[in-house]
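Notes follow once the structure below has been shown.
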Amino acid sequence: MFIQTEATPNPATLKFLPGKEVLGSGVLEFTDADAAAKSPLAAALFETDGVVSVMFGGDFLTVTKADGADWAHVKPSLLAAIMDFYVAGGPILTEPRA
């Protein structure tokens, strides 16, 4: 599996394109680990030190890191979490959207 990454206008945020559907339609943002509990993928991303926000879109996701975090350390963990999630084939959400 190849996951593309793109820069965004915000240097603290990266866009990840897994080449598969993420949310399908709409967007969903998680601003902390508690909010991410309803999504196995978002919860896995928040396990990486320095992650402060995750957003899902139709075929992409974005991750925002804390000011002191370095992408050189954060990005490999995020790529591994995304790959593991899609290889396992679980649901993106374990609860319906509100």
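It should be emphasised that the depicted structure is a prediction, and the values quoted were computed from it without experimental measurement. Residue numbers start at 1 and run along the sequence shown.
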Minimum heavy-atom separation for [X] to [Y], with atom names?
| X | Y | result |
| --- | --- | --- |
| P18 | V22 | CG-CG2, 3.7 Å |
| P11 | P9 | CD-O, 3.4 Å |
| G57 | V27 | CA-CG1, 4.2 Å |
| A69 | V74 | CB-CG2, 3.9 Å |

With the side chain counted from C-beta on, respond yes when [X] and [Y] share a heavy-atom pair under 4.5 Å apart, and no when they do not.
| X | Y | result |
| --- | --- | --- |
| I92 | L28 | no |
| L78 | I3 | no |
| L93 | L23 | yes |
| L45 | L61 | yes |

Pairs satisfying ring pair (Phe, Tyr, Trp, His ring centres under 6.0 Å), at least one member in residues 36-82, at least two apart: F30-F56
D70, CG: over 12 other non-hydrogen atoms inside 6.0 angstrom: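 Atom CG in D70 is packed in, count exceeds 12.
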Identified side chain to side chain contact (heavy atoms under 4.5 Å, CB included) partner of V63 from the options V51, I82, V52: V51
Residue pairs fulfilling side chain to side chain donor-acceptor pair (under 3.5 Å) with at least one residue in residues 46-61, sequence neighbours excluded: E29-S53
Sequence neighbours excluded - side chain to side chain donor-acceptor pair (under 3.5 Å) pairs with any residue from residues 3-20: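 Checked against side chain to side chain donor-acceptor pair (under 3.5 Å) - neighbours excluded - the pairs reaching residues 3-20 are T5-K75, N10-T13, T13-T64.
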Hphob cluster co-occupancy, L14 + V54, side-chain heavy atoms under 4.5 angstrom: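 L14 clusters together with V54.
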Hydrophobic cluster identity match, L41 and F2, side-chain contacts under 4.5 Å: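 Result: no, two separate clusters.
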